[in-house]
Amino acid sequence: MADTTRPRPFVVISGKAVHDAVHGREKELLDLVEHGYRLHGEGKTVNPPSYFLRFPDEPANRIIALPSSVGGDVAVSGIKWISSFPANVGKGIPRASAVVVLNDQETGYPLACLEGSIISAVRTAASAAVAAVKLSEGRPKPTKLGIVGTGLIARFVHIYLKSAGFEFEEIGLFDHSAEHAQGFAGYLERAGAHRTTVHNDMESLVRSADLLLFATTAGTPHVEDPGWFGHHPLVLHVSLRDLSPEVVLDSCNVVDDVEHCLKASTSVHLAEQVTNNRDHVHATLYEVLTGAFTPPKDRTVVFSPFGLGVLDLVVSRHVYDRTADGVAVDDFFHELSRYGG
């Protein structure tokens with residue numbers, strides 16, 4: 001008979017185990033992330049504000065805590081602790097690193113610690129792809145993808161866009177590092193892309209694409225001319241701080257969560273500071289998913305996802321339930337007797 005008085009064993013799940021649990025299951029994960037959005041929209045989640053640890057001597061660096069809880073059939077709580085140190089790229093390692101801790105809903109005891117950078121990339125990419133599918137309904141299917149910022153997140157978004165059914169005749173790239181752009185072009189060639197163009201300037205890239213992905217490390221807006229978007233593309237503004245308030249105010253804006261997204265000097269937050277209102281935020285993705293809001297066909301549509309911790313938990317729970325490669329730490333919980341002995 002199982003000992004129901006003891007917590008479940010604490011498990012450590014490595015990056016390789018996480019990769020093995022998600023690789024090749026992109027369509028399943030697209031459905032899971034959409035399910036997470038629906039649970040959030042239905043009020044079956046708790047998603048408090050993210051907490052930013054900043055460093056006065058290194059303002060570009062930050063570590064963010066995203067606590068959250070998901071009900072329904074996911075039924076788990078937890079936290080993602082993710083760092084962003086842009087100088088890592090110059091050292092040959094990824095900018096971001098992360099862990100996710102899952103907690104049992106019944107006892108509150110931690111269940112697992114998972115390597116979180118892959119989980120974060122998967123939920124970000126799946127979120128962008130789900131949004132691209134829904135926001136492109138009713139307009140010509142995008143055939144020209146433009147990518148600004150050619151790092152790991154851009155690679156994952158491309159994978160999930162393909163899994164969501166997008167086929168691009170041409171993919172344009174822009175990165176302030178020509179080496180990074182060329183490296184990404186090599187990845188696209190290996191991935192079977194039809195045609196890839198590396199642009200020397202951002203304007204030509206923006207004007208040439210009907211679906212745009214911003215996946216940069218920008219801390220302040222650097223795209224300021226609404227005229228670049230005169231062809232009304234769909235914009236996946238994953239990095240949140242690339243577009244000036246003028247571009248935001250000239251667009252239809254969809255966010256994942258209004259309160260989360262209008263803070264921390266995101267582009268939509270800066271637009272709020274300029275106008276002293278939130279009229280430029282037209283809908284949440286949940287409202288688009290449920291048909292409560294239909295994006296206009298004759299206007300630039302910008303999706304700005306702040307990144308919900310509940311989505312990290314949905315993906316993490318999927319990994320936890322499906323991996324047998326976790327390392328159990330049998331003596332992790334030591335003092336379990338109230339009175340000792």
Side-chain angles (χ1 to χ4, degrees), residues 26-38 41 122-149 153-173 188 191 193-197 205-215 223 226 228-240 242-243 247-248 250-257 261 267-268 280-307 311:
E26 288 83 7
K27 291 183 179 179
E28 183 179 357
L29 287 158
L30 285 165
D31 291 340
L32 278 171
V33 167
E34 180 173 338
H35 181 52
Y37 272 124
R38 291 181 182 275
V122 163
R123 72 88 150 129
T124 300
S127 166
V130 168
V133 170
K134 296 304 295 185
L135 295 172
S136 62
E137 290 179 354
R139 54 167 67 198
K141 190 130 185 182
T143 60
K144 295 182 179 179
L145 172 65
I147 298 175
V148 181
I153 294 298
R155 174 162 59 87
F156 270 79
V157 173
H158 174 254
I159 290 169
Y160 275 80
L161 287 173
K162 285 181 62 179
S163 297
F166 288 94
E167 296 181 3
F168 301 108
E169 297 172 0
E170 181 178 355
I171 300 177
L173 306 174
L188 290 173
H194 295 299
R195 184 172 137 200
T196 301
T197 303
L205 171 69
V206 171
R207 289 184 180 276
S208 69
D210 46 17
L211 176 62
L212 277 160
L213 167 66
F214 285 90
V223 181
W228 291 9
F229 301 84
H231 56 305
H232 304 314
L234 171 59
V235 182
L236 304 175
H237 191 201
V238 170
S239 40
L240 292 171
D242 302 270
L243 307 179
V247 174
V248 169
D250 197 53
S251 305
C252 170
N253 294 282
V254 177
V255 300
D256 52 0
D257 183 285
C261 205
S267 292
V268 287
H280 57 285
V281 178
H282 298 87
T284 64
L285 183 58
Y286 175 73
E287 291 171 318
V288 177
L289 290 172
T290 57
F293 178 80
T294 301
K297 304 177 181 63
D298 58 351
R299 196 173 180 188
T300 300
V301 176
V302 177
F303 176 56
S304 297
F306 194 79
L311 301 182

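Heavy-atom basis, side chains included; hydrogens, waters and symmetry copies ignored. Residue numbers run from 1 in the order of the sequence given.
The two residues Ala128 and Phe303 have their closest heavy-atom pair at CA-CE2, 4.5 Å. Looking at every heavy atom in both residues, Ser136 comes nearest to Pro142 through CB-CD, 4.1 Å. Residues Leu311 and Val33 share a closest heavy-atom pair of CD2-O, 3.7 Å. In terms of heavy atoms, Tyr37 sits closest to Tyr286 at O-CD1, 3.8 Å. Summarising the geometry of Arg38 relative to Thr290, their closest heavy-atom pair is NH1-CG2, 3.9 Å, with the distance given to 0.1 Å.
Residues satisfying the side chain to side chain contact (heavy atoms under 4.5 Å, CB included) criterion with Thr124, sequence neighbours excluded, are Ser120, Ile153, Val238.
His237 places a side-chain N or O within 3.5 Å of a backbone atom of Asp242 that can act as its donor or acceptor partner. Between the His282 side chain and the Asn253 main chain, a donor and an acceptor come within less than 3.5 Å of each other. Looking at Asp256, its side chain does come within 3.5 Å of a backbone N or O of Gly307 through a donor-acceptor pair. A side-chain donor-acceptor contact under 3.5 Å links His280 to the backbone of Val268. A side-chain donor-acceptor contact under 3.5 Å links Arg139 to the backbone of Pro296.
For Arg195, the CZ atom counts as loosely surrounded, since its 6.0 Å shell holds 12 or fewer non-hydrogen atoms of other residues, nucleotides or ligands. Atom CD of Glu28 has more than 12 neighbouring heavy atoms from other residues, nucleotides or ligands inside a 6.0 Å radius.
Looking at heavy atoms from C-beta onward, Glu170 lies in side-chain contact with Lys144 at the 4.5 angstrom threshold. Using a 4.5 Å cut-off on side-chain heavy atoms (C-beta onward), Thr196 and Leu173 make contact. Between Phe293 and Thr284 there is no side-chain heavy-atom pair separated by less than 4.5 Å. Residues Cys261 and Leu240 have side chains in contact (heavy-atom distance under 4.5 Å, counting atoms from C-beta outward).
Here the CG atom belonging to Leu234 is positioned 12.0 Å from the NZ atom belonging to Lys141, to the nearest 0.5 angstrom. Note: Leu32 CG to Glu34 CD = 10.5 Å, rounded to the nearest 0.5 Å. The structure places CG of Leu212 at 8.0 Å from CG of Leu145, a figure rounded to the nearest 0.5 Å. Distance check: Leu236 CG to Ile147 CD1 gives 10.0 Å after rounding to the nearest 0.5 Å. A distance of 9.5 Å separates OG1 in Thr294 from NZ in Lys134, rounded to the nearest 0.5 Å. Distance check, rounded to the nearest 0.5 Å: CG of Leu213 to OG of Ser239 gives 7.5 Å.
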Side chain to side chain contact (heavy atoms under 4.5 Å, CB included) for Val206 and Val235? Distances and angles first, verdict last. CA-CA 10 Å; Val206 171; Val235 182; over 6 Å; no

List the steps, then state whether side chain to side chain contact (heavy atoms under 4.5 Å, CB included) holds for Asp250 with Thr300. CA-CA 8 Å; Asp250 197 53; Thr300 300; 5.7 Å; no

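Using a 30° and 60° split on the angle between ring planes, Phe214 and Phe229 fall in the tilted class, from 30° to 60°.
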Distance-only criterion, 3.5 Å: show the donor-acceptor pairs between side-chain atoms of residues 155-168 and protein atoms not counting sequence neighbours.
residue	atom	partner	partner atom	Å
His158	ND1	Tyr187	OH	2.8
Lys162	NZ	Ala191	O	3.0
Ser163	OG	Ile159	O	3.1

